[in-house]
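I have placed the structure first, in the form of structure tokens, so that the comments after it can refer back to it.
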Amino acid sequence: MNRYLKIDPWRIVEETFDPGKNRISESLFSLGNGRMGQRGNFEEQYSGDTLRGTYIGGVYYPDKTKVGWWKVGYPEYYAKVLNAPYWIGLNIDFNGKPLDLASCKILGFNRILNMKEGYLERSFRVEIDGAGIIEAEVRRFISISDTEVGAVRYSLIPVNFSGTLTVSAYLDGDVKNEDANYNEKFWEEAGMHIKESRAILISKTKKLDYQVSTGMEMKIFRNGIETELHCLTEKRKKYAACKASVLFNQDDQITIYKYAAILSSLNHPADQLMKNTHQVLDNAVGKGFDRLMADQADAWSEKWKKSDIVISGDDAAQQGIRFNIFQLNQTYTGEDERLNIGPKGFTGEKYGGSTYWDTEAFCLPFYLCSADQKVARALLMYRYKHLSKAIENAEKLGFTNGAALYPMVTMNGEECHNEWEITFEEIHRNGAIAYAIFNYVRHSDDRGYLADYGLEVLIAISRFWSQRTSWSEIKKQFVILGVTGPNEYENNVNNNWYTNRFAGWTLKYTIEVMNFVRDNYPEKHKLVLKKLKFKESEIKRWEQIIHHMYFPYDEQLGLFLQQEGYMDKEQKLVSELDSRERPLNQKWSWDRILRSCFIKQADVLQGMYFFEDDFDDEVLAKHFSFYESRTVHESSLSACIHSVMASRIGEQQKAYELYLRTARLDLDDYNNEADQGCHITSMAGTWLAIVEGFGGKRIKNGKLSFNPAIPEKWTSYSFKIHFRGVLLDINVTRDEVKIKNNADKAVHVILYGEEYSVNGKQELILVTAPD
Ligand code: BGC
């Protein structure tokens with residue numbers, strides 16, 4: 001653990017500047033608005049270690065792959081979210097001496113992420129060698145109401161000297177991805193406008209022809225009065241700057257405003273980008289910083305009304321969950337069905353900004369409960385729109401008849417990851433995509449979705465399972481060979497219980513949905529079946545698979561086995577491992593990991609999490625105890641699911657311990673890797689640990705159900721659930737549970753197994769403490 005930030009309920013606060021931690025802070029202090037994001041970099045020049053990062057959702061690059069042995073079926077490229085033109089930059093000199101925190105003497109420093117209103121603030125007092133002492137206050141945000149706008153306000157006071165301040169506000173398109181496979185640069189210049197204090201740079205990707213237009217306008221005020229700027233313009237390839245000088249006296253306050261517009265050809269015709277950028281800039285400058293900032297605060301207040309979790313009695317936990325919710329809301333807003341949630345969001349380059357099964361398996365529940373229904377629906381539509389690519393992907397691997405294998409890692413629906421054990425073998429992702437449809441519909445009751453889109457996806461996935469399953473003459477059962485389950489510390493195993501379970505479940509669910517659509521939307525049913533050239537005989541095979549699927553089971557232990565042969569492994573417990581051997585993925589050879597019984601992340605338990613109603617308490621507890629004690633939790637997605645399961649079986653202490661491992665994963669840099677970006681998708685897991693874990697939120701027969709418990713350290717906690725047009729506040733203390741219905745209509749809820757009706761604008765109070 002590496003806690004250096006101050007605990008505060010609404011803010012992330014760094015009180016001293018440690019250059020060694022700068023990259024971590026840059027990740028943690030990232031800003032985003034669902035459409036784009038920016039790491040917490042400094043605006044002024046900084047010659048120390050930094051990863052400057054600007055990312056625009058959906059603008060990626062098909063980087064050339066790097067593999068040892070090429071395998072047929074591998075994707076041709078590895079997609080990378082692009083580090084995009086840098087818009088925040090201001091090079092600032094006082095009397096010719098640069099303001100650079102790597103070379104100045106730092107007398108005071110604060111970096112604050114204000115999560116309530118959605119901005120980043122920095123204040124510092126430094127001595128610039130050869131100039132004097134200055135004080136600075138900087139605020140920056142990326143607007144979530146004007147989603148193509150970002151703005152910086154940079155105020156400076158020279159404390160003990162007078163002279164000339166020179167500021168060069170620039171746009172830099174000469175940027176590079178740190179993770180580029182061959183150290184290549186991916187951008188070319190495609191246009192530039194520069195005049196007085198305004199510049200626009202149009203950059204184009206070397207492949208795929210994405211265009212990004214980055215515009216800026218600078219304004220400078222001296223003691224509150226706008227100064228007339230006589231800017232020198234600086235132009236070089238992929239770089240445009242407007243440079244101005246201002247005379248100042250000691251104690252003058254000089255405030256630089258930099259308004260930015262970031263547009264892309266995803267949303268504008270390429271030939272209109274320049275004109276539209278001028279327009280967005282005109283609007284932003286016209287509104288002014290304060291008005292833009294006020295809109296930002298209002299927009300964030302709306303987000304918090306729908307998604308906040310309040311914890312009393314544990315400030316570190318409060319800050320942790322708010323940070324997670326803030327980052328999730330910054331990463332995805334559901335405004336654009338082409339976008340999704342990269343495991344690092346907009347906070348770093350790792351995982352290439354691509355979409356993983358993380359979205360459906362971990363993130364969807366957060367957006368289902370914490371935002372309008374259309375947000376979660378947009379996540380489903382993303383996969384619907386990628387269906388034809390998923391079918392092509394399966395065809396490349398030899399599947400036929402419209403079978404779909406969704407990619408493990410994708411930007412545009414094509415697979416873009418090529419490690420065979422993941423690309424070809426982690427086919428369980430198809431299950432999570434089918435489950436997301438089930439999860440969305442049971443939450444929203446939007447059954448029309450099944451007829452309009454869901455059924456097509458389910459049939460295509462079922463066709464895949466049907467072909468990927470084979471008959472074993474020896475077992476007289478269906479088997480699925482050569483897979484990697486969620487536990488990536490085992491590859492090429494036969495009959496991974498989780499995968500087999502998902503295959504059977506998907507086939508069964510697809511038949512149910514097909515019957516439902518036939519009975520309720522007969523026209524649609526005909527149309528879909530015709531479009532997909534569906535034959536009744538397909539169902540026959542599906543039914544055979546459903547009834548004769550093989551599930552590895554150890555009779556003696558009474559346990560479902562993670563895969564066939566799991567018990568052949570030398571059985572050891574994580575508690576027997578020497579702490580110096582952890583994390584295994586850094587200390588052990590891959591070969592040793594594969595041979596060991598140790599598990600990276602929930603696998604059987606991940607399946608029991610999804611299908612808990614099919615198992616009784618005793619079975620769940622038995623499997624939890626067996627598998628958790630062999631799990632090293634070396635994926636950030638592991639502890640959260642185990643925490644939910646521990647809550648489910650009443651192991652409160654264990655649930656809390658596991659929750660702690662996820663709650664402040666990045667804030668306390670548990671895994672020593674926050675410098676590469678935040679674990680955005682695992683943040684949704686933390687939310688799960690509270691809402692589904694401690695709160696026991698479920699949907700039972702179309703009704704919301706809760707079974708709340710409260711961690712010992714907390715005095716109360718509350719969370720919000722959007723459910724079918726109703727917003728509920730659930731408040732849990734040691735003595736009572738309150739459920740407030742904020743809507744006008746009544747809602748039925750189940751609390752500790754009893755059903756209650758809560759009228760519109762009413763509160764249900766249940767005393768839980770014994771008299
Ligand atoms: C996990 C995967 C996950 C990926 C991206 C890996 O470490 O094992 O389950 O999809 O990270 O978060």
Query raised in the report: Hey, are N267 and R338 close enough side-chain-wise for a donor-acceptor pair under 3.5 Å?
Result: yes

Enumerate donor-acceptor pairs with a distance under 3.5 Å from any side-chain N or O in residues 107-117 to protein atoms, sequence neighbours excluded.
| unit_1 | atom_1 | unit_2 | atom_2 | d |
| --- | --- | --- | --- | --- |
| R111 | NE | E14 | OE1 | 2.7 |
| R111 | NH1 | G40 | O | 3.0 |
| R111 | NH2 | E14 | OE1 | 3.2 |
| R111 | NH2 | N22 | OD1 | 3.0 |
| N114 | OD1 | K116 | N | 3.0 |
| N114 | OD1 | E117 | N | 2.9 |
| N114 | ND2 | Y119 | OH | 3.0 |

Query raised in the report: When you measure from the side chain of Q676 to the backbone N and O of T347, does any donor-acceptor pair fall under 3.5 Å?
Result: no

**Report entry** Note: K287-D146 ion pair, threshold 4.0 Å (strictly below)
**Finding:** yes

Query raised in the report: Got I254 and F221 here, is their nearest side-chain heavy-atom distance under 4.5 Å?
Result: no

Query raised in the report: Would you call M293 and R139 a side-chain contact if the rule is heavy atoms closer than 4.5 Å?
Result: yes

Requested in this report: List for me each residue that meets salt bridge (charged side-chain N to carboxylate O under 4.0 Å, His left out) alongside D49, sequence neighbours excluded, and say none if there are none.
Outcome: R23

Requested in this report: May I ask you to test the P75-E414 pair for a side-chain heavy-atom distance under 4.5 Å?
Outcome: no

Query raised in the report: Within the distance-only criterion (no hydrogens, no angle test), does the side chain of T227 pair as donor or acceptor with the backbone N or O of L229 below 3.5 angstrom?
Result: no

Please tabulate, one pair per line, all N/O donor-acceptor pairs under 3.5 Å involving side-chain atoms of residues 237-245, not counting sequence neighbours.
| unit_1 | atom_1 | unit_2 | atom_2 | d |
| --- | --- | --- | --- | --- |
| K238 | NZ | D174 | OD1 | 3.4 |
| K238 | NZ | W187 | O | 3.0 |
| S245 | OG | T166 | OG1 | 3.4 |

Query raised in the report: Hey, are the side chains of K235 and T233 touching, using non-hydrogen atoms and a 4.5 Å cut-off?
Result: no

Requested in this report: Check for a donor-acceptor pair, side chain of D63 on one end and backbone N or O of A79 on the other, with a separation under 3.5 Å.
Outcome: no

Query - Audit row: T355, Y382, side chain to side chain donor-acceptor pair (under 3.5 Å) steps and yes/no - result: CA-CA 10 Å; T355 308; Y382 173 91; 2.7 Å; yes

Query raised in the report: Sequence neighbours excluded, which residues qualify as side chain to side chain donor-acceptor pair (under 3.5 Å) partners of D290?
Result: none

Report task. Apply the side chain to side chain contact (heavy atoms under 4.5 Å, CB included) test between Y259 and each candidate in L292, N283, V152, V149; give the one that qualifies. Result -> L292

**Report entry** N/O donor-acceptor pair under 3.5 Å between E189 side chain and G173 backbone
**Finding:** no

Requested in this report: Could you tell me whether the side chain of D669 and the main chain of N672 form a donor-acceptor pair under 3.5 Å?
Outcome: yes

**Report entry** Residues which pass side chain to side chain contact (heavy atoms under 4.5 Å, CB included) with R3, listed by chain and number, not counting sequence neighbours
**Finding:** M1, I7, A316, R664, D668

Query raised in the report: Under 3.5 Å, side chain of Q250 to main-chain N/O of P158, donor-acceptor pair present?
Result: no

Query raised in the report: Which of these passes salt bridge (charged side-chain N to carboxylate O under 4.0 Å, His left out) with E43: R122, R52, K258?
Result: R122

Query raised in the report: Would R35 and E335 satisfy salt bridge (Lys or Arg N to Asp or Glu O under 4.0 Å), going step by step from the backbone distance to the final call?
Result: CA-CA 8 Å; R35 181 175 288 204; E335 299 286 318; over 6 Å; no

Query raised in the report: Who pairs with K97 by side chain to side chain donor-acceptor pair (under 3.5 Å), at least two apart in sequence or on another chain?
Result: none

Requested in this report: Taking atom NZ of K105 as the centre, report whether more than 12 heavy atoms of other residues, nucleotides or ligands fall under 6.0 Å from it.
Outcome: no

Query - Pair D295, S145: side-chain N/O donor-acceptor within cut-off below 3.5 Å - result: no

Report task. Could you tell me whether the side chain of Y356 reaches within less than 4.5 Å of the side chain of T681, counting heavy atoms only? Result -> no

Query - Intermediate values then yes/no, side-chain contact (heavy atoms from CB on, under 4.5 Å), L263 and V212 - result: CA-CA 6 Å; L263 281 66; V212 167; over 6 Å; no

Query raised in the report: Of R222, E137, R153, which meets side chain to side chain contact (heavy atoms under 4.5 Å, CB included) against T255?
Result: R153

Report summary line: E196 meets the side chain to side chain donor-acceptor pair (under 3.5 Å) criterion, sequence neighbours left out, with none

Query raised in the report: Y60 and Y210: aromatic ring centres closer than 6.0 Å?
Result: yes

Query raised in the report: Quick one: do the N33 and T147 side chains pair a donor with an acceptor below 3.5 Å?
Result: no

Requested in this report: Would you check, one step at a time, whether the test side-chain contact (heavy atoms from CB on, under 4.5 Å) holds for S307 with W687?
Outcome: CA-CA 10 Å; S307 57; W687 180 93; over 6 Å; no

Query raised in the report: Does D675 offer a backbone N or O that forms a donor-acceptor pair with the side chain of S27 under 3.5 Å?
Result: yes

Requested in this report: Under the side chain to side chain contact (heavy atoms under 4.5 Å, CB included) rule, collect the residues that match up with K66, sequence neighbours excluded.
Outcome: N181, Y182

Query raised in the report: Who passes salt bridge (charged side-chain N to carboxylate O under 4.0 Å, His left out) against D298, sequence neighbours left out?
Result: none

Query raised in the report: Name the one of W304, W300, F326, F323 that satisfies ring-ring contact (aromatic ring centres under 6.0 Å, His included) with W10?
Result: W304

**Report entry** Ring centre gap for Y332 and F366 strictly below 6.0 Å
**Finding:** no

Report task. List in chain and number order the residues that pass ring pair (Phe, Tyr, Trp, His ring centres under 6.0 Å) with W87, two or more places apart in sequence or in another chain; answer none if no residue qualifies. Result -> none

Query raised in the report: Checking side-chain contact (heavy atoms from CB on, under 4.5 Å) for the pair L156/I256: CA distance, chi angles, key distance, verdict?
Result: CA-CA 8 Å; L156 293 152; I256 306 157; 4.1 Å; yes

Query raised in the report: Distance-only, no hydrogens or angles: does the E349 side chain make a donor-acceptor pair with backbone N or O of E178 under 3.5 Å?
Result: yes

Query - Full working for side chain to side chain donor-acceptor pair (under 3.5 Å) between H268 and Q211 - result: CA-CA 9 Å; H268 299 265; Q211 295 208 14; over 6 Å; no

Report task. With the side chain counted from C-beta on, respond yes when I262 and E148 share a heavy-atom pair under 4.5 Å apart, and no when they do not. Result -> no

Query - Partner set under ring pair (Phe, Tyr, Trp, His ring centres under 6.0 Å) for F124, not counting sequence neighbours - result: none

Query - Any C416 side-chain heavy atom under 4.5 Å of S354 side chain - result: yes

**Report entry** Residues that H278 engages under ring pair (Phe, Tyr, Trp, His ring centres under 6.0 Å), provided they are two or more places apart
**Finding:** H193

Requested in this report: Please answer whether the main-chain N or O of S47 pairs with a side-chain N or O of D100 as donor and acceptor at a distance below 3.5 Å.
Outcome: yes

Report task. Using the side-chain contact (heavy atoms from CB on, under 4.5 Å) rule, take Y154 and I92 through it: C-alpha gap first, then chi angles, then the decisive distance, then the call. Result -> CA-CA 10 Å; Y154 203 112; I92 298 170; 3.6 Å; yes

Query - Polar side chain donor-acceptor pair, Y670 to S636, under 3.5 angstrom - result: no

Query - N329 backbone acceptor or donor facing T333 side chain under 3.5 Å - result: no

Report task. Taking atom NZ of K206 as the centre, report whether more than 12 heavy atoms of other residues, nucleotides or ligands fall under 6.0 Å from it. Result -> yes

